[in-house]
Amino acid sequence: RNGECIDLPIATCPCEDRNLQFHLPASSRDGFTRALLSADGTPREIQIEGPKGAFIFDETSARPAVFVAFATGFAAAKSLIEHAMAIDYQPPMRLYWIADGDIGHYLHNLPRSWADAFDEFHYVPLRTDGSGAAARTAASRLLADRIRADCPEPQAKDFYLRSEEHTSELQSHVRISYAVFCLKKK
């Protein structure tokens, strides 16, 4: 409506070409999301352009994969994890999903079911309170502490993180400058 646009990660496996999922935060203040989620019952026409970016799973790697998701950033992690599962990726995978009280772990049962179904998949839900810079710093520290405890050799793992604002903070706390960060730039 009115030419409003939003950049969203696709939340489905790249192998799924007919049913695309996108995760929209209901608390979002952008015009696109407000118009789409309005309750007036008016049909909406949506034009999709993409895919864009380079946030992709490295199919050639034999290293354990660590996925880090902040709030609705779970959409991009979900896409990569489903891709890894579709190609029968064998090394261990670990998902850290940090959510706040507003959005929460809105699909909590999905990664729990992956952890139940796959011996080498581990799900670590983390919760933080508040928003803003202080909350982001606290979330990064919480995450860094868990990664240090769970991943004694981070340089031997591939890290997938879709968040420019958390990357440098996380790297400084965990000291994983040699780890591979696959990062989508806007």
Open item on the list: Whether the side chain of Arg63 engages the backbone of Pro91 through a donor-acceptor N/O pair (distance < 3.5 Å, no angle test) should be reported.
Closed with: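 Absent.
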
Open item on the list: For the backbone of Ala71 and the side chain of Trp97, can you confirm whether one donor and one acceptor N or O come within less than 3.5 Å of each other?
Closed with: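 The answer is yes, because a donor-acceptor pair under 3.5 Å joins these two groups.
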
Considering only distance and modelled atom types, tabulate donor-acceptor pairs under 3.5 Å from the side chains of residues 114-126, sequence neighbours left out.
{"from": "Tyr123", "atom 1": "OH", "to": "His108", "atom 2": "ND1", "distance (Å)": "2.9"}

Task: Pair Glu82 + Lys78: basic N to acidic O under 4.0 Å - done: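 Yes, Glu82 and Lys78 are salt-bridged.
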
Open item on the list: Restricting to ring pair (Phe, Tyr, Trp, His ring centres under 6.0 Å), what partner residues turn up for Tyr96, sequence neighbours left out?
Closed with: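 Tyr96 satisfies ring pair (Phe, Tyr, Trp, His ring centres under 6.0 Å) with no residue once adjacent residues are dropped.
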
- [ ] Drop me the distance from Leu80's CG to Met93's CE, to the nearest 0.5 angstrom.
- [x]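 Those atoms lie 10.5 Å apart.
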
TODO: Measure the NE2-CD1 distance between His83 and Ile87 for me, rounded to the nearest 0.5 Å.
DONE: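 Going from the NE2 atom of His83 to the CD1 atom of Ile87 covers 4.5 Å.
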
Heavy-atom pair with the smallest gap, counting every atom of [X] and [Y]:
X	Y	answer
Ala77	Phe67	CB-CB, 4.3 Å
Val66	Lys157	CG2-CD, 3.9 Å
Pro64	Ala156	CD-O, 3.5 Å

- [ ] With sequence neighbours excluded, tell me which residues meet salt bridge (Lys or Arg N to Asp or Glu O under 4.0 Å) with Arg146.
- [x]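 Asp150.
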
- [ ] Tell me, with the steps shown, if Thr72 and Tyr106 meet side chain to side chain contact (heavy atoms under 4.5 Å, CB included).
- [x] CA-CA 9 Å; Thr72 56; Tyr106 54 89; 4.0 Å; yes

Open item on the list: Are the side chains of Leu95 and Phe74 in contact, using a 4.5 Å heavy-atom criterion?
Closed with: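 Yes. Closest side-chain heavy atoms under 4.5 Å.
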
TODO: Taking the side chain as every heavy atom from C-beta outward, state whether Asp58 and Tyr160 have any pair of such atoms under 4.5 Å apart.
DONE: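 The answer is yes; the side chains approach within 4.5 Å.
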
